Structure formats: structure tokens, C-alpha cells
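In what follows, a single structure is set out as C-alpha cells and then discussed.
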Protein chains: 2
Amino acid sequence: MFAETLKRVVDNVDGGIAAVVMGLDGIPVETYVKQKDRVDVNTVAMEFSFILTQVRKAGDSLQVGSLEELSVKAQRLVLVCRMISPQYFVAIAMAPEGNFGKARYLARVSAPTLAAAL
Amino acid sequence: MFAETLKRVVDNVDGGIAAVVMGLDGIPVETYVKQKDRVDVNTVAMEFSFILTQVRKAGDSLQVGSLEELSVKAQRLVLVCRMISPQYFVAIAMAPEGNFGKARYLARVSAPTLAAAL
């Protein structure tokens, strides 16, 4: 269920590398890897589970409402993280030249399907 | 110099609230506020100076190259942060219904001007 949705997202994003559904505790629920040699998406997402927790705390103290999405662009990797429940998120790793807008869009529209399967 | 560039960015983004040039140590260099009643951009950016530092550390350990951009969407606020030098970033705060793509674009194209003024 998760696997099919993650595959559909990654395969439909230009430059898509991998995607994972993970808890904020850093434990992966499901992973789909399209390009094996690029990056270990579980390690990346695990680092970001900690960062998402920090961002959520910051958001709480700033009273800007619940965290929905976090995106990071580094020289060799773009990561789009979207919360699918208060404790779980989906992370999509892609090449920096990939289609960032489409990754955000697919993360958003697939979130209810992923949340329903939790 | 900073002020004019920040004003041009915020005023040209639909939903633009404020922008700040800040060091990763959380100390603001220059701030421009368009909508005073929405959010304290210095407080927001200060929280994110800590988070950017964490993201940069994560990027270093993951060997994905240097951090270029971080965007966060919460229910009531969108924040686009772009590194303009290894120690300084520009943060643009905007309404969630604002033009996210244009904020990213203007942050990117104004980065060299801001960096030159540091």
C-alpha cells in the first residue's frame, strides 16, 4: 500500500531518487528506492526526523499553526518532507535539477492515501 | 543597501509579510517589515538560524554538498530561507496562500546583491 504510492510519486518526479514514510522517531515504515547509487534515503530521512521535530517545536513556540511541509535544497540533493499525521512524514529525495514543484504537489496529494494506510 | 533589496523582494511577493538578513548566530543584520501585525520575523528567523545550523550539520554528515535553501510551510506561515554566505542567510516570511515560487525565485536572484553588501 505504502510501497505503491511511494513508487508512483518517485517515478513521476523528474530526478526522483527515493522516498520513505517515517516516524518522527526516525524509524522507517516503508521505503522505495529508484536510484540505488545516489543517497541512502533512510539515513537522510532519519537526520530530518530530528530536524522536523525541532521545526515543529519552533512552530509551536511561534504559534504559526501545525507544520505541514519542509523542503531543503543542498548542492547535490533536494529533499521534500511532508507531515502525513502528527507523528509520521513522507520524505522524497530528488536530484537538484529535478522537478521540485511536482515533488511538492505529489507529496501533498498522496498524503491522505499514505495517512489512511498508517 | 540591504533594506532596499529586502523591500523589493517582500513587496513583489503576493502575501509577503517581512524579510530579514541574519547570521547563523541569530543576530539580524537588516529587517524589512511590510505587514506589522502578522509575525515577528526576527523571532522566527532566530529560531530558524538554529535549525539551519542543524540542517547544515546534517548535510555535512550526509555529504550532499553545501546547504542552499530551506523552506517551511506551517498552517499560518511560510518561510523561505536562503544562504547568502557560509554564515548569513536571508529569510522571507509570507502568508500560506502567497506565491511561494516567486519568493524562492526572488530569494535566489537577490542573494548575490545581498552577499555583496555583507
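The structure displayed is predicted, hence computed values, not measured ones.
- In this structure, Thr53(B) OG1 and Gln54(A) CD are separated by 11.5 Å, a value rounded to the nearest 0.5 Å.
- Contact of Ile51(A) with chain B is made through the side chain alone, with heavy-atom distances under 4.5 Å.
- Atom CD of residue Glu69(B) and atom CZ of residue Phe100(A) lie 6.5 Å apart, to the nearest 0.5 angstrom.
- In terms of hydrophobic clustering, with Ile, Leu, Val, Met, Phe, Trp and Tyr side chains grouped at heavy-atom distances under 4.5 Å, Leu77(B) and Val9(B) are assigned to different clusters.
- Contact of Arg56(A) with chain B is not made at all, since no heavy-atom distance falls under 4.5 Å.
- Heavy-atom distances place the side chain of Glu47(B), and not its backbone, under 4.5 Å from chain A.
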Dump the intermediate steps for side-chain contact (heavy atoms from CB on, under 4.5 Å) on Arg108(B) and Lys73(A), then the final yes or no. CA-CA 12 Å; Arg108(B) 183 164 61 80; Lys73(A) 187 177 184 305; over 6 Å; no
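- When hydrophobic clusters are built by joining Ile, Leu, Val, Met, Phe, Trp and Tyr residues whose side-chain heavy atoms come closer than 4.5 Å, directly or via intermediates, Phe89(A) is not grouped with Ile92(A).
- Here the shortest heavy-atom pairing between Arg76(A) and Gln63(B) reads NH2-O, 3.1 Å.
- Under the 4.5 Å side-chain heavy-atom criterion for grouping Ile, Leu, Val, Met, Phe, Trp and Tyr, Met22(B) is not connected to Val29(B) through any hydrophobic cluster.
- Only the side chain of Leu62(B) comes within contact range of chain A, with heavy atoms under 4.5 Å apart.
- The hydrophobic clustering, which links ILVMFWY residues whose side-chain heavy atoms are closer than 4.5 Å, places Phe50(B) and Leu52(A) together.
- Among the candidates Val64(A), Val72(A), Val80(A), Leu79(A), the residue making the largest number of heavy-atom pairs closer than 4.5 Å to chain B is Val64(A).
- Residues Met46(A) and Leu6(A) do not share a hydrophobic cluster, clusters being chains of Ile/Leu/Val/Met/Phe/Trp/Tyr side chains in contact below 4.5 Å.
- Looking at Leu70(B), both its backbone and its side chain come within 4.5 Å of chain A, counting heavy atoms on both sides.
- Residue-environment remark: OH (Tyr32(B)) exceeds the threshold of 12 foreign heavy atoms within 6.0 Å.
- Annotation: Glu4(A), atom CD; neighbour count of heavy atoms from other residues, nucleotides and ligands within 6.0 Å does not exceed 12.
- Contact annotation for Arg82(B): neither backbone nor side-chain heavy atoms come within less than 4.5 Å of a heavy atom of chain A.
- Minimum interatomic distance between Gly65(A) and Ala74(B) (heavy atoms only, all atoms of both residues): O-CB, 3.8 Å.
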